[in-house]
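Following: one structure in structure tokens, then a few remarks.
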Amino acid sequence: MKTLSAKNAAALDKDLMSIGAFSIDQLMELAGLSVSQAVYRVHPPSRGRRILVACGPGNNGGDGLVAARHLWHYGYKPTIYYPKQSKNDLYQRLSTQLKNLDIPFTEDFPAALKETDHIVDAIFGFSFTGSIREPFPSIIQALQETSIPVLSVDAPSSWSIEDGPPSSGPGSGFNPQVLVSLTAPKPLVRFFKGRHFVGGRFVSPDIQKKYDLELPEYEGIEQVVEVGSNGQKL
């Protein structure tokens, strides 16, 4: 499977906003929509409507906020854990949109974990490097230890984009049940063992050619495609 390095993923995002003329709002909306559709595919409402969305301070967290809004409209009951809320206008607006739907925000992750049917891990994405700062080490450890299914957005939080799970510490044994690779799979997918989706239906042919991407074919109105270990559509 051809993958997209962290460096190229960042460059591709810049190209989408320059050559492609997308705004960050548009890309985040389409990414979050993809995540919400993947949740619906793997965990339909009949399996339980309570969804805990754990959001980090950056774009990955923003994707989670968007996904939560769509999930509410699908009939789910999301709860948001967003301990490091950004003061950026975009993230403030995304949060307000959720509050306008009376979607609860919680500061007690362990308690919320006991009251959910599925978890969306939108803490850290492809730009994550360095050490995990508080309060996230204990959150990632809880994601590793829980029996509740977890869907990770673009990367299992704590994983290196190139090298996969850390050798020790929080996340070293974390392998979520579902991964949604946004735009294209990253090198870490070779360490991933669960159901894998590709989402983010916004790449033009010229950008696809520039980065030599092998993207699966999306059907109809679908925003995600489930792929196997070889990257082929299932």
Margin query: Could you walk me through whether Q232 and V227 satisfy the side-chain contact (heavy atoms from CB on, under 4.5 Å) test, starting with their C-alpha distance in whole Å, then the side-chain angles of each, then the deciding distance to 0.1 Å, before giving a yes or no?
Written below: CA-CA 5 Å; Q232 296 301 304; V227 296; over 6 Å; no
Item checked: Audit row: T106, D108, side chain to side chain donor-acceptor pair (under 3.5 Å) steps and yes/no -> CA-CA 6 Å; T106 182; D108 190 338; 5.9 Å; no
Next item on the list: Could you give me the CA-CA distance, side-chain angles and deciding distance for S95 and Y82, then say whether side-chain contact (heavy atoms from CB on, under 4.5 Å) is met?
Entry: CA-CA 9 Å; S95 295; Y82 189 26; 3.5 Å; yes
Note to self: I'd like to know whether Q97 forms a side-chain contact (heavy atoms from CB on, under 4.5 Å) with L101, so could you lay out the CA-CA distance, the side-chain angles of the two residues, the decisive distance to 0.1 Å, and finally the verdict.
What the structure shows: CA-CA 7 Å; Q97 290 162 14; L101 298 174; over 6 Å; no
Item checked: F136 and F124: CA distance, side-chain angles, deciding distance, ring-ring contact (aromatic ring centres under 6.0 Å, His included) verdict -> CA-CA 10 Å; F136 295 111; F124 301 125; 5.4 Å; yes
Note to self: Quick one, V35 with V120, criterion side-chain contact (heavy atoms from CB on, under 4.5 Å). Give me CA distance, side-chain angles, the key distance, then yes/no.
What the structure shows: CA-CA 9 Å; V35 171; V120 174; 4.3 Å; yes
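Note that the CG atom of D206 and the CD1 atom of I19 stand 6.5 Å from one another [nearest 0.5 Å]. Annotation: the span from I24 atom CD1 to E29 atom CD amounts to 12.0 Å, rounded to 0.5 Å. Rounding to the nearest 0.5 Å gives a distance of 9.0 Å between CD1 of I123 and OG of S158. Atom CG of L188 and atom CD1 of I161 lie 5.0 Å apart (nearest 0.5 Å). To the nearest 0.5 angstrom, D212 atom CG is 10.5 Å from N8 atom CG. Atom CG in D63 sits 11.0 Å away from atom CG in L33 (nearest 0.5 Å).
Side-chain contact between Q85 and F105 is present, with heavy atoms from C-beta onward closer than 4.5 Å. Contact annotation: the side chain of L179 approaches that of V189 to within less than 4.5 Å [non-hydrogen atoms, C-beta and beyond]. In this structure, the side chains of Y218 and V198 come closer than 4.5 Å at one or more pairs of heavy atoms. Counting heavy atoms from C-beta on, the side chains of V39 and F197 never come closer than 4.5 Å. Counting heavy atoms from C-beta outward, I140 and I132 have side chains that approach closer than 4.5 Å. Between R41 and V224 there is a side-chain heavy-atom pair separated by less than 4.5 Å. Side chains of P156 and P176 form a contact here, defined as non-hydrogen atoms less than 4.5 Å apart. In this structure the side chain of T3 never reaches within 4.5 angstrom of the side chain of S5, judged on heavy atoms.
With no hydrogens or angles considered, a side-chain donor-acceptor pair links Y91 and N59 at under 3.5 Å. Judged purely by distance below 3.5 Å, without hydrogens or angles, the side chains of Y74 and S36 pair a donor atom with an acceptor atom.
E222 places no side-chain N or O within donor-acceptor distance of the main-chain N or O of E219, the cut-off being under 3.5 Å. With D117 contributing its side chain and R50 its backbone, the two residues share a donor-acceptor pair below 3.5 Å. Judged by distance alone, with hydrogens and angles left aside, the side-chain atoms of N60 form a donor-acceptor pair with the main-chain N or O of V153 at under 3.5 Å. Of the possible donor and acceptor atoms, none in the side chain of N175 sits under 3.5 Å from a partner among the backbone N and O of F192. A donor-acceptor distance shorter than 3.5 angstrom exists from the side chain of S34 to the backbone of Q223, with no hydrogens or angles considered. R190 places a side-chain N or O within donor-acceptor distance of the main-chain N or O of P187, the cut-off being under 3.5 Å. Remark: the backbone N or O of F174 is paired with a side-chain donor or acceptor of W159 at under 3.5 angstrom. A side-chain donor-acceptor contact under 3.5 Å links R47 to the backbone of V42. Formation of a donor-acceptor pair under 3.5 Å by the T146 side chain with backbone atoms of A142 is not found in this model. In terms of modelled atom types and a separation under 3.5 Å, the side chain of S181 and the main chain of A184 share no donor-acceptor contact.
Hydrophobic clustering (side-chain heavy atoms under 4.5 Å, transitive across Ile, Leu, Val, Met, Phe, Trp, Tyr) keeps Y76 apart from I119. In the hydrophobic clustering of this structure, L65 groups with L90; members are Ile, Leu, Val, Met, Phe, Trp, Tyr whose side-chain heavy atoms approach within less than 4.5 Å, directly or through other members. Taking hydrophobic clusters as Ile, Leu, Val, Met, Phe, Trp and Tyr residues chained together by side-chain heavy-atom distances below 4.5 Å, L4 shares a cluster with L182. Note: the hydrophobic cluster containing I80 does not contain L113 (ILVMFWY, side chain heavy atoms under 4.5 Å, direct or indirect links). Under the 4.5 Å side-chain heavy-atom criterion for grouping Ile, Leu, Val, Met, Phe, Trp and Tyr, V66 is connected to F22 within one hydrophobic cluster.
Few gaps surround NZ on K233; more than 12 heavy atoms of other groups in view lie less than 6.0 Å from it. At most 12 heavy atoms of other shown residues, nucleotides or ligands fall within 6.0 angstrom of atom CD in E107. Summarising the local packing, CD1 of I221 is surrounded by 12 or fewer heavy atoms from other residues, nucleotides or ligands at distances under 6.0 Å. Counted within 6.0 Å of NZ on K99, heavy atoms from surrounding residues, nucleotides or ligands total more than 12; the atom is thus considered enclosed.
The two residues P165 and G171 have their closest heavy-atom pair at CB-O, 3.9 Å. Residues P135 and K84 share a closest heavy-atom pair of CD-CE, 3.8 Å. The shortest heavy-atom contact between Y40 and P45 is CE1-CD, 3.5 Å. The two atoms that bring S152 and S157 nearest to each other are OG-N, 4.5 Å, heavy atoms only. The two atoms that bring P170 and P137 nearest to each other are CB-O, 3.7 Å, heavy atoms only. Residues G64 and A122 approach most closely at CA-CB, 3.7 Å, considering heavy atoms.
A salt bridge links K210 with D15; the closest basic N to acidic carboxylate O contact falls under 4.0 Å. Using a cut-off of 4.0 Å between Lys/Arg side-chain N and Asp/Glu carboxylate O, E162 and K186 are scored as not salt-bridged.
Partner of Y211 under the side-chain contact (heavy atoms from CB on, under 4.5 Å) criterion, chosen from T183, V203, L12: L12.
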